[in-house]
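Just below is one structure, and these are the notes that go with it.
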Amino acid sequence: MQIEKHVRVAIAGSGFGGLGMAIRLMQSGIDDILVFERSNDVGGVWRDNTYPGCACDVESHLYSFSFARNPEWTRSFSPSAEIHGYLRACAERFGVLPRIRFDHEIRSATWDDDAQRWRLETKHGVYTADAFVAAVGGLSEPAIPPLPGLESFTGTTFHSARWNHDHDLAGKRVAVIGTGASAIQFVPEIQPKVSALKIFQRTPPWIVPRRDRALTERERRTLRRSNVAQWLLRTRIYALREVMALPFFDARIAKLGQRIAEKHLERSVRDSTLRAKLTPKYTMGCKRILLSDDYYPALAKPNVDVVTDSIVEIRPNGVVTSDGALHEVDTIIFGTGFHVQDYPFAKRVQGRGGRRLADTWKDRMTAHLGTTVSGYPNLFFLQGPNTALGHTSVITMLESQIEHVVNALRYLAKERLATVEPRLEAQNAFVADVDAKTRGTVWTSGGCKSWYLDAHGTNSTLWPGFTFTFKRRVERFDPSEYVLMPRSSRVSNPKRPDESPRTAPVASCASGPEVAHG
Ligand SMILES: Cc1cc2nc3c(=O)[nH]c(=O)nc-3n(C[C@H](O)[C@H](O)[C@H](O)COP(=O)(O)OP(=O)(O)OC[C@H]3O[C@@H](n4cnc5c(N)ncnc54)[C@H](O)[C@@H]3O)c2cc1C
């Protein structure tokens, strides 16, 4: 098949990760890049999640790029559309748009060991790249549970991440399945419109006050005029948020947090039966801690019923629970989260020897520093295994990973090397460290089941620490942790616009297949 184009770096995805990666590469002088986006716009989750009430739950002044601070945020926790607008503006301001191929879903990514490059298949043809950055997001594939009889339902169903704006909820009897981060945002918005709202809750979340508020013109003016004020505000939020990691590591601190959440529930819900249903029986932090001021009050309204019996089947006209009750509804909305543990993109990636990443990750998803995987040269993940967070902005993690990728690619260019992949020992040591840090935390001992842990109870999603420790560990590229290979003699020396022709590989590489640099 004809190759459409060869680039030095291909990036899949144009959310915070893909855009941030493209911007930092270009700023570092690596501009032979292409971004492949399956949709027709940038923005990732902020393009896709348009449900009523959708907003970030980390303050906007931290939930944004550190290199593109935005004094114009209108609220402390900005709505989805505003974050989407911010990402569009960043793509434009930093000149990324011409490098994005929209409607170019990467269908497969295959490492060609002879050519030492990635072969990327899209519906518009095949592209090749020296390095491939998968910034496809950790929460981009909505998950709908396989409920028996779901296909027989005659009403309307949709997932919160694919909100059906054409479906008017006014006067409808609506079932909401799930009580996670999205549901607690859209439930208060739809409750006043619908005739009856049944909330199907498996496990109640711990919820603390959010204290969202509009930012005044005066505040915005101060920030507009002063970079120092912007920096101070961001730093203050950052520090307070890092403190919020403490409950994960110390059950006594978690108990203090629980008291705040219990008070919040008491103040919001007078009915003791409802309060009992909404009180979690696990330690705070074991599942994601949620922020809301209006979720509890919405649940206390007369048209709302919180159902705690488990769902056994869906019938054409409603939802049947384990107590035998049929809850008749016209609409089912799934607030059931995303495919996290099965990372669907792994099925599309084949590394050295044609090994599918989904097979490599069959028992557990692991990556060195959450970013690179042994057996998959020149492949970098943003938001890979063990990079999710329970307490602060994921952008801080993404930026550390992005710097790591830039530093790795710079190193390759400087040393005139062709490929980089982590040593298996280094990767295993990192994973062992993650496991050691996870032991004894609230995630494993808090008495809950969460998407943080896989089927074996192993933490393959969360970074079990502060973000500054991740940054310290990840930003820097330590060559001794990697297998670094020179350009193979089988490669017909592809021309790179920003490099002079290659000469011999570094001296220490010449003799053996694996070279450690330190
Ligand atoms: C509703 C919601 C609220 C959230 N709120 C917060 C918050 O307050 N704080 C926080 O820290 N985190 C939050 N998150 C987590 C969020 O996932 C990250 O903060 C961040 O936006 C992830 O950016 P990303 O670029 O890695 O992934 P995404 O935003 O998911 O972007 C991935 C992109 O890759 C594209 N893509 C996927 N597969 C392919 C393919 N095969 N080929 C080409 N393109 C592809 C997608 O279309 C998408 O544009 C939230 C998530 C959701 C869903």
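Both ligands and their constituent atoms are indexed starting at 1 by order of listing. By convention here, the first residue in the shown sequence is residue 1.
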- prompt: So His61 and Trp73, would you call those rings parallel, tilted or perpendicular, with 30° and 60° as cut-offs?
  reply: perpendicular
query: Any donor and acceptor pair, going by atom type alone, linking the side chain of His84 with main-chain N or O of Val42 inside 3.5 Å?
result: yes
Please list, one pair per line, the donor and acceptor atoms closer than 3.5 Å that link side chains of residues 203-211 to other protein atoms, with sequence neighbours excluded.
unit_1 : atom_1 : unit_2 : atom_2 : d
Trp206 : NE1    : Tyr282 : O      : 2.8
Arg210 : NH2    : Cys56  : O      : 3.3

Check: every ligand 1 N/O to protein N/O pair under 3.5 Å:
unit_1   : atom_1 : unit_2 : atom_2 : d
ligand 1 : 8 (O)  : Asp57  : N      : 2.6
ligand 1 : 8 (O)  : Asp57  : OD1    : 2.8
ligand 1 : 8 (O)  : Val58  : N      : 3.3
ligand 1 : 11 (O) : Val394 : N      : 2.7
ligand 1 : 19 (O) : Tyr63  : OH     : 2.6
ligand 1 : 21 (O) : Tyr63  : OH     : 3.0
ligand 1 : 25 (O) : Phe16  : N      : 3.2
ligand 1 : 25 (O) : Gly17  : N      : 2.8
ligand 1 : 29 (O) : Val45  : N      : 2.9
ligand 1 : 41 (N) : Ile106 : O      : 3.1
ligand 1 : 42 (N) : Ile106 : N      : 2.8
ligand 1 : 44 (N) : Arg38  : N      : 3.2
ligand 1 : 47 (O) : Glu37  : OE2    : 2.7
ligand 1 : 47 (O) : Arg38  : NE     : 3.0
ligand 1 : 47 (O) : Arg47  : NH2    : 2.9
ligand 1 : 49 (O) : Glu37  : OE1    : 2.7
ligand 1 : 49 (O) : Glu37  : OE2    : 3.3
ligand 1 : 49 (O) : Arg47  : NH1    : 3.0
ligand 1 : 49 (O) : Arg47  : NH2    : 3.1

- prompt: Which class fits the ring pair Tyr411 and Phe477: parallel under 30°, tilted 30 to 60°, perpendicular over 60°?
  reply: tilted
query: Which of parallel (below 30°), tilted (30 to 60°) and perpendicular (above 60°) describes Trp463 and Phe470?
result: perpendicular
query: When the ring planes of His167 and Phe158 are compared, do they come out parallel, tilted or perpendicular, using 30° and 60° as the limits?
result: perpendicular
